[in-house]
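Read through the structure below, which is laid out as structure tokens, and then see the notes.
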Amino acid sequence: MSENTSAESATDSPKNHLYLVDGSAYIFRAYHRLPPLTNPEGTPVGAVYGYTTMLWKLAEDLDKADGPTHLAVILDKSSHSFRNDIYPEYKAHRPDPPEDLVPQFPLIRDATRAFSLPLVEEPDVEADDMIASYARAAQAEGWDVTIVSSDKDLMQLVGELEGPGGKGRIDMLDTMKDARIFIPEVEEKFGVRPEQLGDVLALMGDSVDNIPGIYGVGPKTASKLISENGSLAAALDAAPDMKKSKLKERLLEGRESAELSRVLVTLREDCPLPIALDDMRLDGIPPGPLAEFLEAHGFHSLSKRLEAGSGSPGRKTNLDNVARDTKGADAAPEGNRQPLPEWPAIDRSAYACVQDEAALEEWIARAMATRIVAVDTETSELDAIRADLVGVSLALGAGDACYIPLGHLNEGGGGSDMFAEKPKQVPLEKAIALLKPLLESDAVIKVFHNGKYDLNVLARHGIAVGPIDDTMIMSFDMDAGRQLEGIGGGHGMDELSERHLGHTPMAFKEVCGTGKKAIPFGEVPLDKATEYAAEDAEVTWRLYHHLKPRLPLEGAVRVYERVDRPLIPVVAQMERHGIKVDRAQLSRLSEEFATEMARVEKEIFAEAGQEFTIGSPKQLGEILFDKLGYKGGRKGKSGQYSTDQAVLEKLDGEGAAIASKVLEYRQLAKLKNTYTDALQAAINPDTGRVHTSYSLTGAQTGRLSSTDPNLQNIPIRTAIGRQIREAFVPEDGNVLLAADYSQIELRLAAHMADVDALKEAFAAGEDIHSRTAREMYGEVDRDTRAAAKTINFAILYGISRWGLAGRLDVEPDEAQAMIDRYFERFPGIQKYIVHTLERVREKGYSETLFGRKTWFPRITSKNPNERAGSERAAINAPIQGTSADIIKRAMARMMPALEDAGLGPRDGKGVRMLLQVHDELVFELPEGDVAAASPVIERVMAEAALPAVQLDVPLGIEIGHGASWDAAH
DNA sequence: GCTATCACG
DNA sequence: GACGTACGTGATAGCT
């Protein structure tokens with residue numbers, strides 16, 4: 001980390017913060033979560049790899065505010081402890097670890113040594129006890145402690161205590177979920193305070209460790225008993241007075257067992273400490289041993305990162321530099337292409353075409369065993385909501401893929417010979433029945449590229465696919481905005497295949513043709529279809545194994561796992577819901593607009609003295625400026641006159657009647673062509689509703705975008721345009737409900753730039769533009785408020801005196817004076833801008849509060865125009881992107897929260913989330929549910945940043961409902 | 001396929 | 001000191 005950044009953040013001397021890594025528990029989880037990789041010698045290293053990236057990530061946080069100053073790894077040394085002595089059955093029925101995990105245990109030690117980290121392994125002491133002892137010892141010294149684990153037993157330690165050395169805090173970090181666990185999280189999970197957790201655990205027991213607890217008492221009952229009675233002893237004592245019940249009997253009978261369990265779950269906090277706390281200080285990671293280790297196990301991507309950042313050989317280096325300084329490496333044209341695992345070249349001729357049930361069953365069984373399967377669907381058309389399923393392809397490994405045709409007609413098309421036999425295929429119904437358990441199995445990760453599409457296609461066949469991963473979203477979360485010279489910056493499969501695998505997949509048009517000669521996929525001959533479809537699945541499989549391990553290295557795990565990945569099925573469901581539009585209303589408006597256009601057109605021709613194409617800016621410009629002689633400059637390299645709204649309004653102000661008529665004509669044409677006509681055409685004949693498609697990778701900042709049709713730009717600002725909103729309606733008996741974040745970007749700016757005056761204003765519920773006007777001008781009236789509003793937005797968008805001058809119609813000097821005044825009144829803003837730009841120049845990317853990166857390669861451009869443009873975008877991206885992260889989190893939590901409140905889908909109805917418009921969510925719900933649903937929706941939205949981010953400003957929500965989208969505002 | 005325009009946040 | 005600069009999108013018409 002560069003000196004200036006640390007100087008800014010580290011004004012106070014950093015508090016000691018000990019990280020204790022529960023290594024043994026981690027590798028079990030890593031094993032079950034990660035793909036079964038092997039090193040060059042064939043030793044399985046999937047869990048080791050996960051462990052290595054975890055340590056890397058922790059070391060990366062070294063200089064961060066809440067990062068480690070001290071770190072140690074604790075491992076279990078032997079299977080015997082004091083618990084076996086008092087209870088021989090303890091952990092007696094543990095199954096042996098999986099065969100391919102056993103050889104990884106010693107490698108965990110190697111990995112730890114490779115990072116030069118202290119390693120604690122004591123015989124006859126369990127890791128949990130050792131962790132507890134170290135945690136308490138550090139806490140007593142007034143240190144903060146983070147236990148890197150998600151073991152529920154360790155949650156007993158969470159909390160804050162005043163020791164001889166000051167106040168020390170113990171929390172936990174679940175690196176797989178990237179979640180901090182503190183008192184509220186424990187309370188949420190177990191319903192009791194951490195210090196009461198031992199009592200709950202004693203009652204409920206633990207089948208894995210063979211802790212008996214009380215038979216028939218599970219987490220729910222245990223938590224209830226303890227929270228009601230205060231403690232285990234009190235709960236047991238209260239049992240004789242309970243009214244007769246099964247539970248009473250069990251408590252009376254199980255008293256001894258519970259008391260034994262209480263001892264077993266108690267952590268020993270007084271183990272002798274083999275390594276002194278001070279010796280756990282983390283100064284830096286010497287690169288030598290680490291490089292050797294990474295190399296030996298074929299962790300090429302990590303090796304490369306280490307090389308890229310290590311500087312002079314042998315120098316002790318801080319991993320923060322190593323892992324983060326990726327700019328240099330990635331700026332090279334091939335920089336983004338990492339060494340690949342040793343896969344054979346893709347061979348399209350090797351794919352299987354699955355045409356009978358037996359073969360399909362075998363593929364499905366193998367997929368179940370493999371636990372990770374790449375899936376791709378082929379369909380009759382692009383629109384997922386209308387598309388029919390034509391086939392499914394699966395990939396289980398490199399060179400191990402198949403295509404399952406399901407809806408193919410005979411080659412050359414169905415129309416020409418309707419009696420032609422179809423190719424042999426597993427009947428669709430049968431295939432769906434066989435695939436459903438695989439695609440819905442919790443134990444198997446289904447990997448897609450743009451899975452939202454496939455989810456929608458498969459949902460039509462009653463398959464609720466999950467859990468999924470998505471290589472398109474992974475790519476977006478790591479590489480948004482990143483453009484490599486000559487390689488492009490998109491996230492399409494073909495592009496990623498070129499970029500990361502160096503392989504050009506078969507082009508769709510090669511298979512189906514293009515333009516008028518295009519044929520539907522169902523008419524492609526099976527051999528060709530198999531090559532194309534199975535290749536897509538295999539490419540997805542390979543991309544997954546390339547991209548997934550990169551996620552932690554790029555710091556993209558949190559945004560992928562906590563924001564974007566959970567959103568995929570949610571957005572898919574919104575698309576399937578669609579929204580009802582009133583066709584008659586739209587049609588009426590179309591006619592009305594057409595009549596008006598004809599009238600205005602006549603008037604324009606009269607003014608112009610001739611007929612011309614009003615919609616042609618070129619012709620219009622010539623009429624206005626050449627023929628009629630109005631003043632107005634040329635524009636751009638096209639040499640064409642500008643005739644946009646600003647120009648025409650100016651002309652209108654100067655008395656040119658034709659200008660306002662053209663504006664009116666344009667407005668009508670826009671509304672008719674883009675909305676009233678197009679929306680009618682977009683109604684799905686099967687559902688009678690309009691189904692937009694959201695792009696999850698469309699906007700570099702992390703926002704969604706909406707296409708076919710775009711429902712994120714339906715008019716609202718003018719009365720005439722709002723008539724179109726009136727055509728968006730609920731089904732009978734329902735209403736539409738709109739909930740939006742009020743001024744979310746300004747609130748985030750106030751938080752992120754730490755502007756006290758703005759934070760106060762939001763906390764007090766003031767009108768923010770009025771407050772700005774008061775700060776800037778000392779008085780608030782219509783004019784000063786309007787100017788303040790303009791300036792507030794200018795700030796969000798990256799300000800310039802010329803831009804502001806243009807908007808406010810003042811001289812740039814005066815605009816500059818206003819900017820200076822703004823910075824003076826809100827000093828945090830200028831600091832934020834300067835700091836943000838410094839960071840982007842240094843790192844190459846901006847970051848949101850949730851860690852979403854947007855890359856700005858042109859921030860260093862020699863072209864001042866280009867560079868300035870990047871700077872403005874870079875100032876805006878963290879704010880716009882954080883807002884996007886927040887509403888995405890709200891969306892992912894919304895339906896579960898409504899379901900918890902009993903408001904979920906009921907006989908196909910209930911509350912349905914239909915649309916997202918950046919800071920607004922639109923729902924359709926039975927009128928009778930409005931009162932119950934509104935507070936739930938409001939709470940989920942208002943709390944969406946928590947617990948990951950605690951904002952200094954409240955998030956205000958405005959909610960309305962009515963018989964149309966317009967009425968809901 | 002590109003440019004200009006304008007709808008939204 | 002300049003920069004025919006407010007940020008982020010998508011659809012349409014006209015024109016090459």
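To find a chain, count down the sequence lines: A is the first, B the second, and so on, and within it residues start at 1.
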Quiz prompt | Under-3.5 Å donor-acceptor pair between A/Arg872 side chain and C/dG8 base | solution =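 Such a pair does not exist between side chain and base.
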
With a non-hydrogen cut-off below 4.0 angstrom, is [X] in contact with a base, only sugar-phosphate, or nothing?
X        : result
A/Leu796 : nothing
A/Ile716 : sugar-phosphate
A/Glu745 : nothing
A/Glu920 : nothing

Quiz item: So does A/His769 have more than 12 non-hydrogen atoms from other groups sitting under 6.0 Å from NE2?
Solution: yes

Quiz prompt | Base-pairing string, 5' to 3', of DNA chain C - Watson-Crick or wobble, under 3.5 Å, | interstrand | solution = ......|||||||||.

Nearest to the [X] side chain among [options], which nucleotide is it?
X        : options              : value
A/Phe793 : C/dG8, B/dG9, C/dA6  : C/dA6
A/Ser705 : C/dG10, B/dG9, C/dC7 : C/dG10
A/Ser800 : B/dT5, B/dG9, C/dT5  : C/dT5
A/Gln667 : B/dA7, C/dT16, B/dC6 : B/dA7
A/His918 : B/dG9, B/dT5, C/dT5  : B/dG9
A/Tyr675 : C/dC7, B/dA7, B/dC6  : B/dA7

Quiz item: Can a salt bridge be assigned to the pair A/Arg588 and A/Glu592 using a cut-off of 4.0 Å between side-chain N and carboxylate O?
Solution: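 The answer is no: the pair does not qualify as a salt bridge.
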
Self-check item: Closest-nucleotide 5' rank along DNA chain C - winner of A/Lys789 and A/Asp708
Solution: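 Looking at DNA chain C, the more 5' nearest nucleotide goes with A/Lys789.
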
Indicate whether OP1 or OP2 belonging to [N] is found under 4.0 Å from a side-chain N or O atom of [X].
X        : N     : answer
A/Arg703 : B/dG9 : no
A/Arg666 : B/dC6 : yes
A/Thr643 : B/dT5 : yes

Exercise. Look at the aromatic rings of A/Tyr641 and A/Phe625 and report parallel, tilted or perpendicular, splitting at 30° and 60°.
Key: tilted

Exercise. Would you mind reading off the distance between A/Leu915 atom CG and B/dG9 atom C1', rounded to a whole angstrom?
Key: 14 Å

Exercise. Send over the distance from A/Asp813 CG to C/dA2 C1', rounded to a whole Å.
Key: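 After rounding, the reported distance stands at 14 Å.
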
Self-check item: Check: A/Thr613 side chain, A/Gly615 main-chain N or O, donor-acceptor pair, under 3.5 Å
Solution: no

Quiz prompt | Check: A/Asp652 main-chain N/O paired with A/Ser660 side-chain donor or acceptor under 3.5 Å | solution =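 Answer holds: no.
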
Practice problem: Write down the distance separating the P atoms in C/dA6 and B/dC2, rounded off to the nearest Å. | Solution: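 Each nucleotide's P atom is 23 Å from the other's.
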
Quiz item: Expressed in whole Å, how much space separates the P atoms belonging to C/dA2 and B/dC6?
Solution: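 Between the two P atoms, the distance is 31 Å.
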
Exercise. Run the numbers on A/Lys672 and A/Glu596 for salt bridge (charged side-chain N to carboxylate O under 4.0 Å, His left out), then give the verdict.
Key: CA-CA 11 Å; A/Lys672 180 172 188 294; A/Glu596 286 294 289; over 6 Å; no

Self-check item: Heavy-atom side-chain proximity of A/Lys670 to A/Phe593 below 4.5 angstrom
Solution: no

What does the list of N/O pairs under 3.5 Å between the protein and nucleotides 12-14 of chain C look like, with a distance for each?
unit_1, atom_1, unit_2, atom_2, d
C/dG14, O3', A/Ser616, OG, 3.4

